[in-house]
Amino acid sequence: MESDEEWIARLRRTALRDAEEIAPRPSFPVFGLAEPDLGLGVLTSLSDSSAEEITLAYGDPLAQGGPHLSINTALPVEDEAAGALRRMLDDEHNRIVDHAGVEDPDDGEPAELSDTITTVDGVELTGPIYREGPLWTARFTVSDVVVTVVARGVAPTSLRLATVGDLRPYLERRGEWIARLIEAHRRRPVPDLPAAAGLDVYRSLIGELLGFQSRHRLAAREGRLPRRRVGDGRLYGPMWQRAVRELERSGRLSREAANRTVTSIVNQLTRLADRADWFADKRLADLAVDETIRYAVLGQPVSSRDAQLAWERVTLDGRPEDTKVWLETWEKWATA
């Protein structure tokens, strides 16, 4: 999960890298928007080598309803076309969270796959299109490159593309585009920490991390990108520090020792979520979370004491055999 400062720093690093690396014209044709008229475009991204792909964007990057449209021109790569195109919709859902601090509704309905027709330099082309409410993404192959369009609030039938002769104006507008995104990010209200006291301070932190982990795991299983949420990365750090302060106060520990304990709790439970099948049972998962917190924070006797001791050996030595014993001990606890 990326913090605000990390997100802003990444934007600035990318802008500097792009300004240094982009050639006046790449070795392949780049396509931009001819219709509809969404105003002047901006170069939003290119690969580490500008000889591989370039993305131009048009419209309002902060408007959830659009209109906004991006056009990626890339050399062909080995990729499962339908799945890769579907993931572009996931990427657009995440972009509006990053740029505008809003989430698109998720009604659980699958995106619809069909074909669409557009013109590129006056030539009609047909390509696959995924539609999901006001969002869609389509892909066309032209002049030995792959052109992928991702749109929000723009009718697919209105799309017309054309070759871009000079990328310099698009790059020159990049600084203003980044400044606008950074200003919008800074004006966004900081989300409030969920109220918590005592052991709930640790439970809320663990719940946030396990939820994030679960979304990633589910998306990977479906060949999708996990959807980000408003607050991802902005709550994580403050929730962690609150847990450290609570343990520092209640346990009379140094900050360093409190941070080590919180780290151990988080590492054990997130690793269990990844590696223990029984953790999918909410009752057992909640009990494991509760016992791990009470054992680590309060030193209370718990039924999973043997597993907690096995975890301490894992953190000390990190040997594969210690990890195996730790997982087996938890399995025995779960099936008792």
Side-chain angles (χ1 to χ4, degrees), residues 1-22 24 26 30-48 50 53-74 88-105 133-137 148-155 158-159 161-162 164-191 225 227-235 237:
M1 289 184 282
E2 196 172 44
S3 68
D4 286 1
E5 292 75 14
E6 291 168 337
W7 184 81
I8 292 171
R10 177 165 59 82
L11 276 183
R12 286 176 168 155
R13 285 196 305 270
T14 303
L16 288 172
R17 184 200 68 203
D18 290 355
E20 291 169 356
E21 292 187 0
I22 189 169
V30 174
F31 294 91
L33 184 64
E35 295 180 22
D37 182 4
L38 300 184
L40 299 174
V42 60
L43 189 150
T44 59
S45 69
L46 70 165
S47 61
D48 290 338
S50 60
E53 65 175 284
I54 286 177
T55 303
L56 307 178
Y58 303 80
D60 188 348
L62 301 178
Q64 187 175 20
H68 183 267
L69 183 144
S70 68
I71 303 168
N72 174 272
T73 306
M88 297 299 288
L89 281 181
D90 297 326
D91 199 47
E92 173 61 15
H93 287 304
N94 291 338
R95 183 199 65 80
I96 201 66
V97 171
D98 288 344
H99 288 180
V102 294
E103 296 177 25
D104 288 325
L135 274 59
W136 56 268
T137 178
T148 304
V149 180
V150 181
R152 173 184 293 272
V154 178
S158 68
L159 180 70
L161 304 179
V164 174
D166 187 0
L167 287 171
R168 288 188 187 93
Y170 292 85
L171 183 60
E172 289 168 358
R173 288 189 284 270
R174 184 169 171 77
E176 180 182 347
W177 176 77
I178 287 177
R180 186 182 178 202
L181 294 183
I182 289 175
E183 181 61 22
H185 209 78
R186 284 180 170 156
R187 291 188 177 191
R188 198 178 307 168
V190 177
L225 296 178
R227 275 210 192 186
R228 287 198 282 277
R229 294 178 177 173
V230 175
D232 278 355
R234 307 186 88 195
L235 283 175

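Keep in mind the model is a prediction, meaning the values are calculated, not measured. Values below: every heavy atom of this structure, side chains too, minus hydrogens, waters and symmetry copies. Nothing fancy with the numbering, it's 1 onward along the sequence.
Remark: the backbone N or O of Leu33 is paired with a side-chain donor or acceptor of Tyr58 at under 3.5 angstrom. Side-chain N or O atoms of Glu103 include one that pairs as donor or acceptor with a backbone N or O of Val230 at under 3.5 Å. Counting only distance, with no hydrogens or angles, the side chain of Arg174 and the backbone of Thr44 share a donor-acceptor pair below 3.5 Å. For the pair Thr73 (side chain) and Phe31 (backbone), a donor-acceptor distance under 3.5 Å is present. Using a distance-only test at 3.5 Å, with no hydrogens or angles considered, a donor-acceptor pair links the side chain of Thr137 to the main chain of Val149. Looking at Asn72, its side chain never comes within 3.5 Å of a backbone N or O of Thr148 through a donor-acceptor pair. Of the possible polar contacts, none joining the Trp177 side chain to the Leu43 backbone as a donor-acceptor pair under 3.5 Å is found.
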Side chain to side chain contact (heavy atoms under 4.5 Å, CB included) between Val30 and Leu167, intermediate numbers included: CA-CA 9 Å; Val30 174; Leu167 287 171; 4.2 Å; yes
Pair Thr55-Ser70, side chain to side chain donor-acceptor pair (under 3.5 Å): steps then yes or no: CA-CA 7 Å; Thr55 303; Ser70 68; over 6 Å; no
Chi angles and distances behind the side chain to side chain contact (heavy atoms under 4.5 Å, CB included) call for Leu135, His93: CA-CA 9 Å; Leu135 274 59; His93 287 304; 3.5 Å; yes
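When all heavy atoms of Val164 and Gly32 are compared, the closest pair comes out as CG2-N, 3.4 Å. Considering every non-hydrogen atom in both Ala74 and Glu53, the closest pair reads CB-CB, 3.5 Å. Contact detail for Asp37 and Gly39: the closest heavy-atom pair is OD1-N, 3.0 Å. The minimum heavy-atom distance linking Val154 with Pro67 is given by the pair CG2-CB, 3.8 Å.
A cation-pi arrangement is present between Arg173 and Tyr170 under the rule of less than 6.0 angstrom and at most 45 degrees off the ring axis.
How far CD1 of Ile54 is from CG of Leu171: 9.5 Å, rounded to the nearest 0.5 Å. Summarising the geometry, atom CG belonging to Leu161 is positioned 8.0 Å from atom CG belonging to Leu69; distances are rounded to the nearest 0.5 Å.
Leu89 is not listed as a side-chain neighbour of Leu225, based on a closest heavy-atom distance of 4.5 Å or more. Taking 4.5 Å as the limit, every side-chain heavy atom of His68 sits out of range of all side-chain heavy atoms of Asp60.
With Asp104 as the fixed residue, the salt bridge (Lys or Arg N to Asp or Glu O under 4.0 Å) test singles out one of Arg95, Arg228, Arg227, Arg152: Arg152.
Taking a cutoff of 4.0 Å between a charged side-chain nitrogen and a carboxylate oxygen, Glu183 and Arg186 do not qualify as a salt bridge.
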